[in-house]
Amino acid sequence: MENNERREFIKMSTLAFAGIALQLHSISAFAQQSNLFKGRKINEGLNWDAFLSKITELAKEQHQPNWNQNVYINNVRNLLLQCRFPEFENVKKEFSSYKDETKNWFEHDLLHKEINFQVSLLQFEKGEYIAHHNHPDMCGVINMVTGNALIKNYSLNKELEKTKTQTYNGQTFTLKSCVLEETKKEILTPGNTSVLTSTEGNIHSLMPNAFTQLVDVFTPAYNEKNEAASIWYHVNEEVHFENNPKLFEAEYALSTL
């Protein structure tokens, strides 16, 4: 965060000071309008409490009948991009005290959770990987803080009338086949975001190529219902379904026998 420059204060009448303040406010407003006109965004930064307060208000809108997920996601994205999470007193200890305690799996710290949303910090060693999975009836924004990751998003295209059984660790599973459509593939770098809604790109995978830290916001928060409904997919990315470069056949566990 930029350090404030020292300013020398001079004695002046209250009226004179008010006059200068009004002029500065006018100049500042003009500058902001000019920057916005040129496509630039003013980023004054948010502190942790202000960030949570704004997300809390936005997340309440999900209960309205005319809720627009895309508008909501864009608003959350803009708020995330104003935050410098490692510098927040409330969360910087989670960044600085990182330990690779779970080998071959990422470390997860829940920074904040309430019914309507949750904020999490995920930290990965290079090579740790989150396979394809969905977020039932949820939307989310991932904000890359450090490192980078290949992120692939898919939507369910159709279910296939094809099943098989498979035994793993003494349990027999019924595997169901389906077709996934790739909606986006990107390498996410610091200062950038990846999004998903409940209807588009809801299935995704994440593969870091370096030590990576990211903060995500999911709406609503995880609960018993959406956790139970979550699905992990095995995607055959080597073959395009029906020669369509965006379609891939996948399998998921339907039940255990």
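We count residues from 1, following the sequence as given.
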Inset, instruction - Verify the ring-centre separation between Phe117 and Tyr72: is it less than 6.0 angstrom? - result: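 Ring-ring flag for Tyr72/Phe117: false, centres at least 6.0 Å apart.
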Legend entry - Aromatic centroids of Tyr154 and His204 separated by under 6.0 Å: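 No - the distance between ring centres of His204 and Tyr154 does not fall below the 6.0 Å cut-off.
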Any donor-acceptor N/O pair, [X] side chain to [Y] backbone, under 3.5 Å:
X: Ser53; Y: Asp49; answer: no
X: Asn202; Y: Asn134; answer: no
X: Asn116; Y: Pro220; answer: no
X: Lys176; Y: Leu160; answer: yes
X: Ser120; Y: Leu110; answer: no
X: Asp109; Y: Leu111; answer: no
X: Thr183; Y: Asn153; answer: yes
X: Asn223; Y: Asn226; answer: yes

Would you say [X] and [Y] make side-chain contact, with heavy atoms under 4.5 Å?
X: Phe124; Y: Ile130; answer: yes
X: Leu58; Y: Leu79; answer: yes
X: Phe106; Y: Pro208; answer: no
X: Val76; Y: Phe218; answer: no
X: Glu128; Y: Asp100; answer: yes

Measuring from [X]:[atom1] to [Y]:[atom2], what's the distance to the nearest 0.5 Å?
X: Asn70; Y: Asn75; atom1: CG; atom2: CG; result: 11.0 Å
X: Asn169; Y: Thr172; atom1: CG; atom2: OG1; result: 11.0 Å
X: Asn192; Y: Ile187; atom1: CG; atom2: CD1; result: 11.5 Å
X: Glu114; Y: Leu52; atom1: CD; atom2: CG; result: 7.5 Å
X: Leu196; Y: Ile73; atom1: CG; atom2: CD1; result: 6.5 Å
X: Lys158; Y: Glu249; atom1: NZ; atom2: CD; result: 10.0 Å

Could you check whether atom [atom1] of [X] has more than 12 heavy atoms from other residues, nucleotides or ligands sitting under 6.0 Å from it?
X: Asp137; atom1: CG; result: no
X: Glu224; atom1: CD; result: no
X: Glu89; atom1: CD; result: no

Indicate if [X] and [Y] have the same hydrophobic cluster label, given that clusters are the connected sets of ILVMFWY residues with side-chain heavy-atom separations under 4.5 angstrom.
X: Leu156; Y: Phe241; result: no
X: Met138; Y: Ile203; result: no
X: Leu81; Y: Val71; result: no
X: Trp67; Y: Val141; result: yes
X: Leu206; Y: Trp105; result: yes

Check the angle between the aromatic planes of [X] and [Y] and answer parallel, tilted or perpendicular using the 30° and 60° thresholds.
X: Tyr222; Y: His135; value: tilted
X: Trp48; Y: His112; value: perpendicular
X: His240; Y: Phe248; value: perpendicular

Legend entry - Pair Val91-Val119, side chain to side chain contact (heavy atoms under 4.5 Å, CB included): steps then yes or no: CA-CA 11 Å; Val91 298; Val119 185; over 6 Å; no
Legend entry - Option passing side-chain hydrogen bond (donor to acceptor under 3.5 Å, both in side chains) with Tyr98 (candidates Lys93, Glu107, Glu125):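 Result: among Lys93, Glu107, Glu125, Glu125 is the only option passing the side-chain hydrogen bond (donor to acceptor under 3.5 Å, both in side chains) with Tyr98.
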Legend entry - The single option from Glu237, His132, Glu186 passing side-chain hydrogen bond (donor to acceptor under 3.5 Å, both in side chains) against Lys152: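 Among Glu237, His132, Glu186, the one meeting side-chain hydrogen bond (donor to acceptor under 3.5 Å, both in side chains) with Lys152 is Glu237.
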Legend entry - Short side-chain donor-acceptor distance under 3.5 Å, His133 and Ser230: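 No donor-acceptor contact under 3.5 Å links the two side chains.
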Legend entry - No-hydrogen, no-angle side-chain donor-acceptor test under 3.5 Å, Gln62 and Thr219: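 Their side chains do not contain a donor-acceptor pair, so the 3.5 Å distance test is not met.
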Inset, instruction - Run the numbers on Tyr252 and His234 for ring-ring contact (aromatic ring centres under 6.0 Å, His included), then give the verdict. - result: CA-CA 6 Å; Tyr252 62 93; His234 179 264; over 10 Å; no
Legend entry - Leu80/Phe51 under side chain to side chain contact (heavy atoms under 4.5 Å, CB included): CA gap, chis, key distance, verdict: CA-CA 8 Å; Leu80 279 167; Phe51 168 70; 3.8 Å; yes
Do you know which two heavy atoms are closest between [X] and [Y], and how far apart they sit?
X: Ser205; Y: Ala131; value: CB-C, 4.0 Å
X: Ser198; Y: Gln69; value: OG-NE2, 2.6 Å
X: Glu200; Y: Ser155; value: CA-OG, 3.5 Å
X: Gln123; Y: Glu94; value: NE2-O, 3.4 Å
X: Leu122; Y: His108; value: CD1-CD2, 3.6 Å

Going by atom type alone, with no hydrogens or angles, which donor-acceptor pairs under 3.5 Å involve a side-chain atom of residues 142-151 and a protein atom two or more places apart or on another chain?
{"residue": "Thr146", "atom": "OG1", "partner": "Gln213", "partner atom": "N", "Å": "3.3"}
{"residue": "Thr146", "atom": "OG1", "partner": "Gln213", "partner atom": "OE1", "Å": "2.9"}

